[in-house]
Amino acid sequence: CLVGATQLESWPFTNWALVNHGSPRRIVSLELEGIDATGRGWVVDLRVLQPLSPEVFATWLKANLPALTPDDRQRLARFLLAPAEEGRGRLRAGRSPAPNQALLGPLDAPYHFHDAKTWTSAAQVPATPFVGLRAWFWDWDVEERFADPSRVDKRLLFATP
């Protein structure tokens, strides 16, 4: 409590200055959308990317997306479809969609920040397999979105054919 109140860094206790004071006004987040056979899109729980964290993948994507050819983007979409489908299958079978949680289950430490789009029930995914995938960057101003949750710009990065 003393570290938090004084805002003095005292490892291993922290005041989270990086997050608290370094927070940007604009946020860009990665969103994956699994597509079922009917063409309906379903939010993909980004824990399916484990052992890669969503933040690390999104950072790589921001830096490297301009250099990716249309064929590279297609290959990347097909590559991401596999873990999304595997996670969907695990959730439908009553297990965690996150591959790294198989060993420790609920005792597993989170990779980073908790995402509100985390799958918690089989109703959040289709009963049939994902046949496609779309990747988006969602871009928003924190204060504008707080006032109006619909104030988000979506940019399609790539999709399976």
Side-chain angles (χ1 to χ4, degrees), residues 18-19 22-103 105-106 108-161:
L18 176 63
V19 176
S23 179
R25 181 178 168 118
R26 290 205 67 80
I27 302 290
V28 177
S29 67
L30 174 67
E31 302 290 333
L32 298 180
E33 181 181 27
I35 310 301
D36 68 15
T38 68
R40 178 179 172 193
W42 300 77
V43 173
V44 172
D45 183 333
L46 294 179
R47 292 179 302 164
V48 302
L49 299 176
Q50 291 177 358
L52 184 64
S53 75
E55 294 87 6
V56 169
F57 179 63
T59 300
W60 176 88
L61 199 53
K62 286 175 195 172
N64 292 285
L65 188 67
L68 297 179
T69 67
D71 286 342
D72 292 336
R73 292 176 189 220
Q74 290 288 311
R75 279 193 296 278
L76 184 55
R78 286 191 300 273
F79 173 79
L80 294 172
L81 177 59
E85 173 52 27
E86 290 166 8
R88 184 205 66 82
R90 282 191 298 271
L91 186 67
R92 295 293 300 183
R95 299 188 322 267
S96 171
N100 287 7
Q101 289 182 323
L103 182 60
D108 180 55
Y111 271 52
H112 204 234
F113 299 108
H114 176 72
D115 187 349
K117 295 177 183 75
T118 301
W119 289 337
T120 56
S121 85
Q124 293 172 286
V125 297
T128 58
F130 289 137
V131 297
L133 183 127
R134 290 188 283 249
W136 305 84
F137 273 152
W138 287 22
D139 185 355
W140 72 89
D141 178 281
V142 173
E143 291 179 15
E144 289 176 6
R145 190 168 183 199
F146 180 73
D148 178 2
S150 69
R151 301 275 312 256
V152 178
D153 295 321
K154 296 179 184 180
R155 179 169 53 110
L156 182 64
L157 306 175
F158 51 84
T160 56

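In this chain, residues are counted from 1 in sequence order.
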**Residue pair Phe130 / Ile35, side-chain heavy-atom distance below 4.5 Å** = no

**Message:** Please give me the minimum heavy-atom distance between Trp119 and Ala84, naming the atom from each residue.
**Reply:** CH2-O, 4.1 Å

**Asked** Atom OG1 in Thr118, atom CZ in Arg47: separation rounded to 0.5 Å?
**Response** 5.0 Å

**Asked** Which pair of non-hydrogen atoms, one from Arg90 and one from Ser96, has the smallest distance, and what is that distance?
**Response** NE-O, 3.3 Å

**Prompt:** Minimum heavy-atom separation for Gly87 to Pro97, with atom names?
**Reply:** O-CB, 3.6 Å

**Request:** Evaluate the criterion side chain to side chain contact (heavy atoms under 4.5 Å, CB included) for residue pair Thr38 and Thr128; output intermediate values, then yes/no.
**Result:** CA-CA 10 Å; Thr38 68; Thr128 58; over 6 Å; no

**Message:** Less than 4.5 Å apart, side chain to side chain, heavy atoms only: is that true for Val152 and Arg145?
**Reply:** yes

**Fill in**
By side chain to side chain donor-acceptor pair (under 3.5 Å), Trp136 pairs with (sequence neighbours left out) Glu33

**Message:** Tell me every residue that passes side chain to side chain donor-acceptor pair (under 3.5 Å) with Asn64, counting only those two or more places apart in sequence or in another chain.
**Reply:** none

**Message:** Please enumerate all residues that pass salt bridge (charged side-chain N to carboxylate O under 4.0 Å, His left out) together with Arg26, with sequence neighbours excluded.
**Reply:** Asp139

**Request:** Name all pairs fulfilling the side-chain hydrogen bond (donor to acceptor under 3.5 Å, both in side chains) condition that reach into residues 151-161, sequence neighbours left out, sorted by first residue then second.
**Result:** Glu144-Arg151

**Prompt:** How long is the gap from CZ on Phe158 to CG on Leu133, to the nearest 0.5 Å?
**Reply:** 7.0 Å

**Fill in**
residues 65-78 vs salt bridge (charged side-chain N to carboxylate O under 4.0 Å, His left out), sequence neighbours excluded, gives Asp72-Arg75

**Message:** For the CG atom of Leu65 and the CZ atom of Phe137, what is their distance to the nearest 0.5 Å?
**Reply:** 6.5 Å

**Request:** Might you point out which heavy atoms bring Gly132 and Leu81 nearest each other, and give the distance in Å?
**Result:** O-CD1, 3.5 Å

**Prompt:** Which pair of heavy atoms, one from Pro99 and one from Gln50, lies closest together, and at what distance?
**Reply:** CG-O, 3.5 Å

**Request:** Quick one: list whatever passes side chain to side chain donor-acceptor pair (under 3.5 Å) with Thr59, sequence neighbours left out.
**Result:** none

**Asked** Going by heavy atoms in the side chains, are Leu52 and Trp60 under 4.5 Å from each other?
**Response** no

**Rounded distance [0.5 Å steps], CZ in Arg88 versus CG in Asp45** = 14.0 Å

**Message:** Donor-acceptor pair, distance only, cut-off 3.5 Å: does the side chain of Trp138 make one with the backbone of Ile27?
**Reply:** no

**Closest contact, heavy atoms only, Ala135 versus Leu32** = CB-CD2, 3.6 Å

**Prompt:** Considering only heavy atoms from C-beta outward, does the side chain of Leu61 approach that of Leu76 to under 4.5 Å?
**Reply:** yes

